[in-house]
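Heads up, the thing below is written out as structure tokens.
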There are 2 protein chains.
Amino acid sequence: MNLPPLIQTFVLHFGEMGSRWGINRTVGQIYALLYLSREPLNAEDIVERLGVSRSNVSMGLKELQSWNLVRLQHKPGDRRDYFSTPDDIWQIVRTLVEERKKREIDPTLTLLREVLMQESTNSEERHAQVRMREMHDLFELLTDWYADMQHLETERLVQLLKLGTKVQKILDVKDRLFPTSGAKNRRSSGKDK
Amino acid sequence: MNLPPLIQTFVLHFGEMGSRWGINRTVGQIYALLYLSREPLNAEDIVERLGVSRSNVSMGLKELQSWNLVRLQHKPGDRRDYFSTPDDIWQIVRTLVEERKKREIDPTLTLLREVLMQESTNSEERHAQVRMREMHDLFELLTDWYADMQHLETERLVQLLKLGTKVQKILDVKDRLFPTSGAKNRRSSGKDK
DNA sequence: CCGATATTTCAGAAAATACTGAAATTACGG
DNA sequence: CCGTAATTTCAGTATTTTCTGAAATATCGG
């Protein structure tokens, strides 16, 4: 591995971290390298810097492309493929969340819906269905919220995050001033279990 | 594997899903089984239902305990260990987020802080540090927001989630009514890059 | 303390995953 | 088209992870 120490530290960390996600070490390292790099890199650059085989890099890049985490581009008069990550880190977050949702939440929601359609035949299954219903409703709440947030422009999203739970206080005030408005969502939850 | 079909479907799905997280198939299956089960199960119960070895279950349970995802309890006059998941699914979410933060975000934040302390020796490293700074600030924003949310009681948390971006609209109104209040957080971001 | 039961540890087997080098395919300039 | 450069595929190997059975350890009632 042929990298300035500061960059190497980060790349190695991301490689290890990769295992805790579903991605392998090399993919994590390639991503870290691209994330830190000022200009786009081609496969051969990556081979040199990480010291892994050309084919491994090829597979890693394919994986990252399937996650939409890297952008492919070309330089004039050079027919090699160059890769980079978005400059805007919030774009990266959005992609990451979107892809994980697609791979982990959506299939599970589908399965839950299917299983919840079935007729249970005994009380054990009936209880299981209750639990699955709870999970289903949770996932649905979270994905609805996410869909909402997804539409927000970054500036506003950051505002909201910085506000944190102060929002809550503002809503309390609002509720006291206009007790009826918004009640459909904010007060009907007494029996939400 | 010896389970009612409806439960088996869910357990198998969770087993596969486990791989996309950092946990292995058996751990995923054990967790799914406990989650659906009406009453706590002991290790032998799990062995019978999943058809895996006793030692595998032992390791799986240890793993789940290290994640704080299962609770160990005892029945009077029975010295076997019984395991269950919390009844409250929101408690499960909180634990999950907390543990993942502990394992993934916190170590990365630590590393980023360390690397950001170092003096960079050339422009490549300098650019890398800018990128790491962006990631650091992002993680910090998210963990601060999370710390805030963590304190909220579930009822209120759900209210906020259901509200989604409608919050935004309320804030707009508030801003128009009291243009100065809260401006520190909500208006200073023009140069946030 | 003893014996019975429960749990954990651990070395090795089995399975899954990652990685490589070589060959095949693709893409492009001339 | 042809030749060259770039990329992908893939079969085999290496590595890592998971899983098992057996042995070791712990726990408890008597």
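Numbers restart at 1 for each chain; the letters A, B, ... are given by sequence-line order, proteins then strands. Any value given below was found using the heavy atoms of this structure, including those in side chains, with hydrogens, waters and symmetry copies removed.
Between B:Arg131 and B:Glu134 there is a salt bridge, since a side-chain N of the basic residue sits under 4.0 Å from a carboxylate O of the acidic one. Between A:Arg103 and A:Glu99 there is a salt bridge, with a side-chain nitrogen of the basic residue lying less than 4.0 Å from a carboxylate oxygen of the acidic one.
Spacing between atom CD of A:Gln73 and atom C1' of D:dT7 amounts to 17 Å, rounded to whole angstrom units. The distance from atom NZ of B:Lys62 to atom C1' of D:dT25 is 13 Å, rounded to the nearest whole Å. One atom, CD1 of A:Ile46, and another, P of C:dT20, lie 14 Å apart when rounded to the nearest Å. Rounding to whole angstrom units, CD of residue A:Glu16 and C1' of C:dA18 are separated by 14 Å. Straight-line distance from the CD atom of B:Gln29 to the P atom of D:dT18: 13 Å, rounded to whole Å. With rounding to whole Å, A:Arg20 atom CZ is found 19 Å from C:dT17 atom P. When rounded to the nearest whole Å, the span between CD1 of A:Ile23 and P of C:dC19 equals 11 Å. In this structure, CG of A:Leu72 is placed 14 Å from C1' of C:dT26, rounded to the nearest angstrom.
Comparing A:Ala43 and A:Arg25 by the nucleotide of DNA chain D whose heavy atom lies nearest to each, the residue mapping closer to the 5' end is A:Ala43. Two residues, A:Asn24 and B:Arg80, neighbour DNA chain C, and the one matched to the more 5' nucleotide by heavy-atom proximity is B:Arg80.
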Please list each protein N or O that sits under 3.5 Å from an N or O in nucleotides 20-23 of chain D, with the distance.
unit_1: D:dT20; atom_1: OP2; unit_2: B:Ser53; atom_2: N; d: 2.8
unit_1: D:dT20; atom_1: OP2; unit_2: B:Ser53; atom_2: OG; d: 3.0
unit_1: D:dT20; atom_1: OP2; unit_2: B:Asn56; atom_2: ND2; d: 3.0
unit_1: D:dG21; atom_1: N7; unit_2: B:Ser55; atom_2: OG; d: 3.1
unit_1: D:dG21; atom_1: O6; unit_2: B:Ser55; atom_2: OG; d: 2.7

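Backbone-only contact: B:Asp81 has heavy atoms under 4.0 Å from sugar-phosphate atoms and none from a base.
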Checklist entry - Can you list the steps and then say if B:Val115 with A:Phe10 is a side-chain contact (heavy atoms from CB on, under 4.5 Å)? => result CA-CA 8 Å; B:Val115 175; A:Phe10 182 85; 5.7 Å; no
Next on the checklist: Run A:Asp137 and B:Ile89 through side-chain contact (heavy atoms from CB on, under 4.5 Å) and show every step you take.
Outcome noted: CA-CA 10 Å; A:Asp137 291 352; B:Ile89 196 170; over 6 Å; no
Next on the checklist: Run the side-chain contact (heavy atoms from CB on, under 4.5 Å) test on A:Leu96 and A:Trp21 for me, step by step, so that the C-alpha distance in whole Å, both residues' side-chain angles and the decisive distance to 0.1 Å come before the verdict.
Outcome noted: CA-CA 12 Å; A:Leu96 216 45; A:Trp21 284 56; 4.1 Å; yes
Item to check | A:Thr85 and A:Arg71: CA distance, side-chain angles, deciding distance, side-chain contact (heavy atoms from CB on, under 4.5 Å) verdict | outcome: CA-CA 6 Å; A:Thr85 64; A:Arg71 179 156 302 290; over 6 Å; no
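Residue side chain A:Arg79 reaches the base of D:dT4 through a donor-acceptor N/O pair under 3.5 Å, judged by distance alone.
Contact check, B:Ser58 against C:dT8: a side-chain N or O comes under 4.0 Å of OP1 or OP2.
Considering only heavy atoms from C-beta on, A:Val11 stays 4.5 Å or farther from A:Gln8 through its side chain.
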